[in-house]
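To start, the structure itself, in structure tokens.
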Amino acid sequence: MKGIVCREVGRFEATDTLPEPEAKEGHAIVGVKRIGICGTDYHAFRGNQPFFEYPRILGHELAGVVEEIGDNESGLRAGDRVSVIPYLHCGTCVACRAGKTNCCTDMKVLGVHVDGGMRERISVPVTHLIRANDLTLDQAAILEPLAIGAHAVRRSGLAAGETALVIGGGPIGLGVAALAKRRGAKVIAMDLDPGRLEFCRDWAGADELVRASGDDALRRIAEAAGGELPTVVFDATGSARSMTDSFQYAAHGGKLVFVGLVKADIAFSDPEFHKRELTLMGSRNATREDFDDVMEAVAAGAIDADGYINRRAPFAEATRAFEEWLKPESKVIKAMVEL
């Protein structure tokens, strides 16, 4: 079976000798058709991804077609188009018992902690498949990154009429912005790149744009918010500096949600934090509920998959394309590998 293995930092190896996946009880064999490339994949390739070991088959944003499956309560059958929920939770820990399967104490994410989908076929628990016959393969593949944004928005409790600041105009931040807009919030997008800011407005519907440069960002955010600071701030940058700065952007009594992940410590002023009575949240992965929310948004035409995916490559050219996508000048938003 063909596949691509990240052997070590900065080195991919294309192979056609991977073993076929085992058709275990309760699992389905899925023929992989789309692999979305995520910031996690770029970080892993560069050696900056926490909780990661080499060698590893990357790939967790997956869409495919069921090739083999036994009897199952979901009614899935061979030939069904599916999206994959890549978060393999234990089901018994304190988080899982509370319904927080997204932050299981023994979490195994495909393509991160265990081998993922950058190969022709993969075995997936039936419980982690979503029938997507009414979606295109592209739409099915982008459910996962957008579900991360949906989870952050849902976790924040953002309500219609509130003002949200979304820092970071990458794939995750775009999902946060689009789904915050869908909730009826006013959305301010903030990024260093003017092109990404324009994309936040055009694709996600951001109401206001703030360039993340200079010493007057706080003033410009307040102006964009109508004179007061946003009640909810989402940081989706994965930048320690940005995450540190974000504490000053939330209103008194507001919430700060770290959607991005950085391999570093974050420090902040406790007096400032205490004075504002801020709520600080981490937001990790997503649950099936979040996937369902995104599917509903896609079905309603609120999510434009064609606009979100701006780079493509066939599987045979994926390793070459991946290194191109790493370059800032590639202006990649979401890259997709096709089989």
Side-chain angles (χ1 to χ4, degrees), residues 1-3 16-36 56-148 150-151 285-299 305 315 336-339:
M1 181 176 65
K2 293 179 181 178
D16 59 4
T17 61
L18 289 179
E20 289 287 348
E22 182 182 353
K24 298 184 290 186
E25 180 72 22
H27 284 59
I29 304 300
V30 176
V32 178
K33 300 300 180 185
R34 295 289 188 276
I35 308 161
R56 179 68 67 225
I57 299 173
L58 304 181
H60 63 276
E61 298 178 4
L62 306 173
V65 176
V66 175
E67 294 188 358
E68 297 178 40
I69 194 169
D71 293 337
N72 61 92
E73 295 180 356
S74 301
L76 285 165
R77 297 182 296 182
D80 279 339
R81 185 177 298 155
V82 290
S83 178
V84 175
I85 301 176
Y87 324 121
L88 307 181
H89 59 276
C90 73
T92 59
C93 72
V94 61
C96 288
R97 295 197 309 272
K100 298 177 181 292
T101 55
N102 58 295
C103 58
C104 169
T105 61
D106 192 32
M107 176 63 70
K108 300 289 188 292
V109 179
L110 293 174
V112 181
H113 310 97
V114 295
D115 284 339
M118 209 171 273
R119 45 182 159 166
E120 292 180 291
R121 284 170 291 281
I122 188 172
S123 176
V124 181
V126 175
T127 54
H128 286 62
L129 295 176
I130 298 174
R131 183 187 282 108
N133 290 333
D134 294 334
L135 303 183
T136 66
L137 285 167
D138 285 346
Q139 289 171 331
I142 66 170
L143 292 187
E144 192 275 340
L146 295 176
I148 290 176
H151 183 75
N285 300 329
T287 65
R288 181 175 283 268
E289 180 180 351
D290 304 309
F291 277 76
D292 291 341
D293 285 348
V294 176
M295 284 191 72
E296 183 179 319
V298 170
F315 191 68
M336 189 68 64
V337 175
E338 303 175 344
L339 281 81

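Computation of the quantities below employed the complete heavy-atom set of this structure, encompassing side-chain atoms and omitting hydrogens, waters and symmetry-equivalent molecules.
To the nearest 0.5 angstrom, Leu88 atom CG is 12.0 Å from His60 atom NE2. In this structure, Lys2 NZ and Thr17 OG1 are separated by 12.5 Å, a value rounded to the nearest 0.5 Å.
Heavy-atom minimum distance, Ala63 versus Ala141: CB-N, 3.6 Å. Listed here is the closest heavy atom pair of Arg97 and Thr92: NH1-O, 2.9 Å. The shortest non-hydrogen separation linking Ala23 to Glu68 is CB-OE1, 3.9 Å. Closest approach of Ala78 to Ile69, counting heavy atoms only: N-CG2, 3.7 Å. Closest heavy-atom contact between Asp106 and Cys90: CB-CB, 4.5 Å. In terms of heavy atoms, Arg77 sits closest to Val66 at O-CB, 3.6 Å.
With a 4.5 Å cut-off on side-chain heavy atoms, Glu144 and Pro86 count as touching. Counting heavy atoms from C-beta outward, Asp115 and Arg56 have side chains that approach closer than 4.5 Å. Contact annotation: the side chain of Ile57 approaches that of Leu18 to within less than 4.5 Å [non-hydrogen atoms, C-beta and beyond]. By the 4.5 Å heavy-atom criterion applied to side chains, Ser83 and Leu143 are counted as neighbours.
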Could you walk me through whether Phe315 and Met118 pass the side chain to side chain contact (heavy atoms under 4.5 Å, CB included) test, one step at a time? CA-CA 9 Å; Phe315 191 68; Met118 209 171 273; 4.0 Å; yes
So Asn285 and His151, side-chain hydrogen bond (donor to acceptor under 3.5 Å, both in side chains) or not? Walk me through it. CA-CA 7 Å; Asn285 300 329; His151 183 75; over 6 Å; no
Would you sort out whether Thr105 and Met107 count as a side chain to side chain contact (heavy atoms under 4.5 Å, CB included), showing the intermediate values? CA-CA 6 Å; Thr105 61; Met107 176 63 70; over 6 Å; no
Working for side chain to side chain contact (heavy atoms under 4.5 Å, CB included), residues Lys33 and Glu338: CA-CA 6 Å; Lys33 300 300 180 185; Glu338 303 175 344; over 6 Å; no
Give the intermediate values and the outcome of side chain to side chain contact (heavy atoms under 4.5 Å, CB included) for residues Leu129 and Val84. CA-CA 5 Å; Leu129 295 176; Val84 175; 3.9 Å; yes
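Summarising the local packing, CG of Asp292 is surrounded by more than 12 heavy atoms from other residues, nucleotides or ligands at distances under 6.0 Å.
Using modelled atom types, one side-chain atom of Arg81 and one backbone atom of Leu135 make a donor-acceptor pair closer than 3.5 Å. A distance-only check finds no donor-acceptor pair linking the side chain of Arg121 to the backbone of Glu20 [under 3.5 Å]. Under the 3.5 Å distance criterion, the side-chain polar atoms of Ser123 are matched with a main-chain donor or acceptor of Glu22. Under a 3.5 Å cut-off, the side chain of Glu61 and the backbone N or O of Ile35 do not form any donor-acceptor pair. Judged by distance alone, with hydrogens and angles left aside, the side-chain atoms of Gln139 form a donor-acceptor pair with the main-chain N or O of Thr136 at under 3.5 Å. Side chain of Asp16 to backbone of Met1: no donor-acceptor contact under 3.5 angstrom is found.
With ring centers used as reference points, His89 lies under 6.0 Å from His128.
Here Asp80 pairs with Arg131 in a salt bridge; the nearest charged N to carboxylate O distance falls below 4.0 Å. Between Asp290 and Arg288 there is no salt bridge, since no side-chain N of the basic residue sits under 4.0 Å from a carboxylate O of the acidic one.
Listed by chain and number, the residues in a side chain to side chain contact (heavy atoms under 4.5 Å, CB included) with Ser74 are Asn72, Leu76, Val126 (sequence neighbours excluded). For the side-chain hydrogen bond (donor to acceptor under 3.5 Å, both in side chains) test, no residue two or more places apart in sequence or in another chain qualifies with Thr101.
Results of the side-chain contact (heavy atoms from CB on, under 4.5 Å) test with Val82 over Asn133, Leu62, Val30 single out Val30 as the only residue that passes.
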